[in-house]
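Computed over heavy atoms, backbone and side chain alike; hydrogens, waters and symmetry mates excluded.
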Amino acid sequence: MRWTSSRPPALDEVAILVGLLRDEPTLVEARSPDGFTALHLAAFLGRDRAARVLLGHGADLEAVHPANGLRPLNSGAASRRAPMVRLLLAAGAEPDARQKGGFTALHSAARHGDLAMTEALLVHGADPSLAADDGQDALAFAREGGGEAVIRRLEASTRG
């Protein structure tokens with residue numbers, strides 16, 4: 001038998017996930033000991049296939065981490081996973097979800113100079129004028145280190 005991935009089918013995490021959810025559907029709501037849902041972790045680690053399975057089994061797009069207020073979208077943005085951010089937004093994630101400190105996914109995208117993520121968030125209605133608790137908005141974060149393309153895009157979005 002031959003397979004195309006670098007791992008044999010028996011080690012396919014998505015297949016294992018599907019089996020676990022089939023056997024125990026409430027696992028989709030379970031939390032790790034440190035408070036994260038499987039969707040938070042899939043978002044942070046960029047596991048698009050796992051995220052799709054979890055969403056298909058009713059994972060909560062707006063699950064809030066009890067200590068830091070992270071939602072799956074914030075997790076994907078913090079780890080610079082633009083494809084995951086697009087996936088979560090397409091599934092209906094709140095683009096302006098705030099975590100501890102008032103930070104949004106757009107703040108993360110701007111600070112990291114991620115134009116693709118910035119664009120996806122803006123297209124899905126993220127508000128570039130929202131300020132974090134420290135008073136900085138997305139443009140201020142972009143000016144700290146986000147790069148010229150993100151700065152220009154945010155400036156254009158605030159002009160209308």
Side-chain angles (χ1 to χ4, degrees), residues 13-14 17 21 25-160:
E13 295 96 350
V14 174
L17 177 61
L21 292 171
T26 60
L27 285 175
V28 77
E29 302 166 8
R31 301 244 177 189
S32 66
D34 56 356
F36 292 102
T37 66
L39 187 57
H40 281 101
L41 297 173
F44 186 77
L45 297 171
R47 301 292 197 260
D48 296 13
R49 289 177 52 218
R52 284 185 183 88
V53 168
L54 291 163
L55 291 168
H57 282 81
D60 184 359
L61 274 170
E62 302 304 330
V64 177
H65 186 277
N68 56 31
L70 283 171
R71 294 183 194 173
L73 182 67
N74 302 110
S75 294
S79 63
R80 303 178 186 185
R81 309 282 184 183
M84 178 62 69
V85 166
R86 285 191 296 272
L87 172 68
L88 295 172
L89 289 167
E94 167 56 47
D96 288 326
R98 291 178 180 264
Q99 65 187 65
K100 186 175 182 178
F103 297 104
T104 68
L106 186 57
H107 295 151
S108 291
R111 175 174 270 161
H112 297 302
D114 192 319
L115 184 59
M117 191 184 310
T118 298
E119 184 65 30
L121 287 157
L122 291 171
V123 165
H124 280 86
D127 183 350
S129 70
L130 290 179
D133 293 352
D134 65 3
Q136 293 191 94
D137 63 9
L139 189 54
F141 284 115
R143 287 183 175 136
E144 278 184 2
E148 286 302 315
V150 171
I151 291 169
R152 284 192 305 275
R153 177 60 180 99
L154 290 168
E155 287 174 341
S157 71
T158 58
R159 285 191 292 263

Between [X] and [Y], is any pair of side-chain heavy atoms under 4.5 Å apart?
X	Y	value
Leu89	Leu121	yes
Val53	Val14	yes
Asp114	Val85	no
Pro83	Arg86	yes

(message) For Leu122 and Leu154: C-alpha separation, side-chain torsions, deciding distance, then whether side-chain contact (heavy atoms from CB on, under 4.5 Å) applies.
(response) CA-CA 9 Å; Leu122 291 171; Leu154 290 168; 4.2 Å; yes
Show the nearest heavy-atom pair for residues [X] and [Y], with the distance to one decimal.
X	Y	answer
Val64	Gly69	CG1-CA, 3.6 Å
His40	Leu70	NE2-O, 2.9 Å
His112	Ala78	NE2-O, 4.1 Å
Ala126	Asp96	CA-OD1, 3.2 Å
Ala43	Ser79	O-OG, 3.8 Å
Ala132	Gly101	CB-O, 3.5 Å

Look up atom [atom1] in [X] and atom [atom2] in [Y], then write down how far apart they are to the nearest 0.5 Å.
X	Y	atom1	atom2	answer
Leu73	Glu94	CG	CD	8.5 Å
Leu106	Leu130	CG	CG	8.5 Å
His107	Gln99	NE2	CD	10.0 Å
Leu27	His57	CG	NE2	10.5 Å
Met117	Leu115	CE	CG	11.0 Å
Asp134	Phe103	CG	CZ	5.0 Å

(request) Write out all pairs satisfying side-chain hydrogen bond (donor to acceptor under 3.5 Å, both in side chains) with one or both partners inside residues 119-132, taking only residues at least two apart or from two chains. (result) Glu119-Arg153, Asp127-Ser129
(request) May I ask you to decide if the ring planes of Phe36 and His65 are parallel, tilted or perpendicular, using 30° and 60° as cut-offs? (result)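 Phe36 and His65: tilted rings.
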(message) Would the distance check show the side chain of Arg152 and the main-chain N or O of Val150 forming a donor-acceptor pair, the cut-off being under 3.5 Å?
(response)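 The answer is no, because no donor-acceptor pair under 3.5 Å joins these two groups.
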(message) Quick one: does any side-chain atom of Asp48 pair with a main-chain N or O of Leu87 as donor and acceptor, under 3.5 Å?
(response) no
(message) Working note: Gln136 + Glu144, criterion side-chain contact (heavy atoms from CB on, under 4.5 Å); need CA distance, chi angles, decisive distance, verdict.
(response) CA-CA 10 Å; Gln136 293 191 94; Glu144 278 184 2; 2.8 Å; yes
(message) Apply side-chain contact (heavy atoms from CB on, under 4.5 Å) to residues Asp60 and Leu39 and explain how you reach the verdict.
(response) CA-CA 8 Å; Asp60 184 359; Leu39 187 57; over 6 Å; no
(message) Applying salt bridge (charged side-chain N to carboxylate O under 4.0 Å, His left out) as the test, list every pair that has at least one member in residues 28-40; sequence neighbours left out.
(response) none
(request) Would you mind listing every salt bridge (charged side-chain N to carboxylate O under 4.0 Å, His left out) that reaches into residues 71-85, with sequence neighbours excluded? (result)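 Of all non-adjacent pairs touching residues 71-85, those that pass salt bridge (charged side-chain N to carboxylate O under 4.0 Å, His left out) are Glu62-Arg71.
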